[in-house]
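Residue numbers begin at 1 in each chain, while the letters A, B, ... track the order of the sequences. Basis for what follows: all heavy atoms, side chains included, without hydrogens, waters or symmetry-related copies.
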There are 2 protein chains.
Amino acid sequence: MKYLKIPAATISRLSIYSRALEELAQGQETVVSSKRLAEICGVNPAQIRKDLAYFGQFGVRGVGYFVKELLFDIKKILGLNKQWKLAIVGCGNLGCAVVAHESFVQQGYNFVCAFDVDPMKVGLKLATGITIHHVDRLVDVCRLEGVEIGVICTPPNSAQEVADRFREVPVRGILNFAPVQLQVCDTCRVEHVDFTVKLDNLAYHLTAN
Amino acid sequence: MKYLKIPAATISRLSIYSRALEELAQGQETVVSSKRLAEICGVNPAQIRKDLAYFGQFGVRGVGYFVKELLFDIKKILGLNKQWKLAIVGCGNLGCAVVAHESFVQQGYNFVCAFDVDPMKVGLKLATGITIHHVDRLVDVCRLEGVEIGVICTPPNSAQEVADRFREVPVRGILNFAPVQLQVCDTCRVEHVDFTVKLDNLAYHLTAN
DNA sequence: GCCTGTGAAGACGTTCACAGCA
DNA sequence: TGCTGTGAACGTCTTCACAGGC
């Protein structure tokens, strides 16, 4: 596996395919062609075959792909065949929404601890039962719990500080919801969920013509 | 303007540049070079110059760009020199977080109405003062308010239905937070904010080596 | 000397078209 | 016949390198 450089877009699409396959599996479908899957996901059939080809041969010529098998294989490629331990920082509406996000638990993403700066929130429990710690205890608690991925849902001006603490843990991956570019070291990967950029894209395209 | 096909990535970067310039302007900086701006945004300097070149000439050779002027120009390009009217559907944690998102108001994005299916929520007011309507009234209220962009924060299984209603309004842009591929007509543009895909990307890269 | 603006080169990703196989 | 797997063609985006101008 992974002999070649895999396009970033391929990984994102695998995630989409996995979601579509999950639907198909629930609908009792056993086989799917690249054409069919492509329609569901809104991509080119050749794209799907190429994406999969980076990782091996999963289909049967003249037939298609077995839904459950392919789903299993894609999840394995993505690293979803294990439980991930996550920490959330910032327990406002957004933080709560993220922790509660149903598809996360289902995919093996477990929030094992939560942090906030607000003394009023410290000690309270989130809906999932985890207790909110003060952000000053981030490094200790994350080490203790074996956190692998940090999620930042703080206001923009404290996001970098949080990232620095995550670095100290160390945490190897950060999902950042704050609208700022984070500075991190090479051993830490950041994925940025940026509402504003997406909205600006809409504004541009609705303005353009 | 817009003589050529503009790469989608260029538009997203303009949004990033605008954010960085906003920071610089607040820091009382009057001039910035493509090199400096590139460092802040984590891109190649030539990239910035190329991106801007699609829309005209904004800099001064030997000097750089005037921060405020460039900020103004980029905002105009993105269509942020007007107020946008948005509607939110789904007033759970995520919906509330989105409506309250500070940078939105600041950028001219105004939520003028809100909807939910839950009868317990209908009639309540959000923090910003807007009243929650039942989603059955979506088409009427959106027309009345002149909504231009719809934001979907519902669970995945009702997202398509909401998109269909938005189509009836009609709304020309949708920001979708639900983890499903929406089917819409050509005249409506969808931007998808997909947490799960981003997390899966992290999982993949933390697993890979 | 310094920094923008830009054609040309290069890297990258997607789509095509068909060989290979059930 | 039908659909996958894949080299080759194509198109797009990014980076380089330098001319142009302050």
Side-chain angles (χ1 to χ4, degrees), chain A residues 1-17 20-21 24 29-71 73-74 77 197 201 204-205, chain B residues 1-17 20-21 24 29-71 73-74 77 197 201 204-205:
Chain A
M1 269 194 202
K2 292 157 199 170
Y3 302 104
L4 296 166
K5 236 177 227 163
I6 318 287
T10 291
I11 305 304
S12 294
R13 280 190 299 266
L14 286 181
S15 181
I16 306 280
Y17 304 158
L21 289 166
L24 289 170
E29 308 213 28
T30 55
V31 177
V32 68
S33 66
S34 61
K35 191 182 166 211
R36 174 84 200 290
L37 188 56
E39 278 164 13
I40 300 174
C41 299
V43 300
N44 183 300
Q47 182 77 80
I48 294 186
R49 300 200 296 274
K50 194 80 335 143
D51 285 338
L52 295 174
Y54 285 113
F55 301 96
Q57 310 200 158
F58 302 97
V60 183
R61 296 177 190 219
V63 180
Y65 302 90
F66 292 105
V67 172
K68 285 193 177 171
E69 281 182 26
L70 184 59
L71 177 57
D73 289 331
I74 290 182
I77 292 167
V197 169
N201 267 275
Y204 171 78
H205 288 284
Chain B
M1 269 194 201
K2 293 160 200 171
Y3 303 105
L4 296 166
K5 237 177 227 165
I6 318 288
T10 290
I11 305 305
S12 293
R13 280 191 299 266
L14 286 181
S15 181
I16 307 277
Y17 303 157
L21 289 166
L24 289 171
E29 307 212 30
T30 55
V31 176
V32 68
S33 67
S34 62
K35 191 182 165 212
R36 174 84 200 290
L37 189 56
E39 275 165 15
I40 300 175
C41 299
V43 302
N44 183 300
Q47 181 78 78
I48 294 186
R49 301 200 296 274
K50 225 341 86 99
D51 285 339
L52 295 174
Y54 286 113
F55 301 97
Q57 309 201 159
F58 303 96
V60 182
R61 296 178 189 217
V63 180
Y65 303 89
F66 292 104
V67 172
K68 285 194 175 169
E69 280 181 27
L70 185 58
L71 178 57
D73 289 331
I74 290 181
I77 292 167
V197 168
N201 267 274
Y204 170 79
H205 289 283

Report the distance from atom [atom1] of [X] to atom [atom2] of [N], rounded to the nearest whole Å.
X: I48(A); N: dT4(D); atom1: CD1; atom2: C1'; result: 12 Å
X: L52(A); N: dT14(C); atom1: CG; atom2: P; result: 13 Å
X: D73(B); N: dG5(C); atom1: CG; atom2: P; result: 11 Å
X: Y54(B); N: dT4(C); atom1: OH; atom2: P; result: 18 Å
X: L37(B); N: dC2(C); atom1: CG; atom2: C1'; result: 17 Å
X: Q47(A); N: dG5(D); atom1: CD; atom2: C1'; result: 14 Å
X: D51(B); N: dT4(C); atom1: CG; atom2: C1'; result: 14 Å
X: I6(A); N: dT14(C); atom1: CD1; atom2: P; result: 12 Å

Side-chain contact, heavy-atom cut-off 4.5 Å: [X] with [Y]?
X: Y65(A); Y: L52(A); result: yes
X: Y54(A); Y: I11(A); result: no
X: V43(B); Y: R13(B); result: yes
X: Y17(A); Y: D51(A); result: yes

Let me know, please, whether G59(B) or V43(A) comes out on the 5' side of the other along DNA chain C by nearest nucleotide.
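Taking each residue's closest nucleotide, the earlier one in sequence belongs to G59(B).
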Show the numbers, then the answer: is there a side chain to side chain contact (heavy atoms under 4.5 Å, CB included) between D73(B) and F55(B)?
CA-CA 9 Å; D73(B) 289 331; F55(B) 301 97; over 6 Å; no
Under the side chain to side chain contact (heavy atoms under 4.5 Å, CB included) test, residues paired with A46(A) that sit two or more places apart
N44(A), R49(A)
List for me each residue that meets side chain to side chain contact (heavy atoms under 4.5 Å, CB included) alongside E29(A), sequence neighbours excluded, and say none if there are none.
L24(A), R36(A)
Under 4.0 Å, heavy atom to any atom of DNA chain D: which of residues 63-70 of chain A qualify?
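The answer is V63(A), G64(A), Y65(A).
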Going by distance alone, is a donor N or O of one side chain under 3.5 Å from an acceptor N or O of the other, for N201(A) and S15(B)?
no
Verify the contact: side-chain N or O of S34(B) to OP1 or OP2 of dC3(C), cut-off strictly under 4.0 Å; return yes or no.
no
Not counting sequence neighbours, which residues clear side chain to side chain donor-acceptor pair (under 3.5 Å) with S33(B)? List them please.
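Partners of S33(B) under the side chain to side chain donor-acceptor pair (under 3.5 Å) test: none.
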Pairwise N/O distances under 3.5 Å, protein to nucleotides 6-9 of chain C:
{"residue": "dT6(C)", "atom": "OP1", "partner": "Q57(B)", "partner atom": "OE1", "Å": "3.3"}
{"residue": "dG7(C)", "atom": "N7", "partner": "K50(B)", "partner atom": "NZ", "Å": "3.4"}
{"residue": "dG7(C)", "atom": "O6", "partner": "K50(B)", "partner atom": "NZ", "Å": "3.0"}
{"residue": "dA8(C)", "atom": "N6", "partner": "K50(B)", "partner atom": "NZ", "Å": "3.4"}

Regarding R36(B), tell me which of base, sugar-phosphate or nothing describes its non-hydrogen contacts under 4.0 Å with the strands shown.
nothing
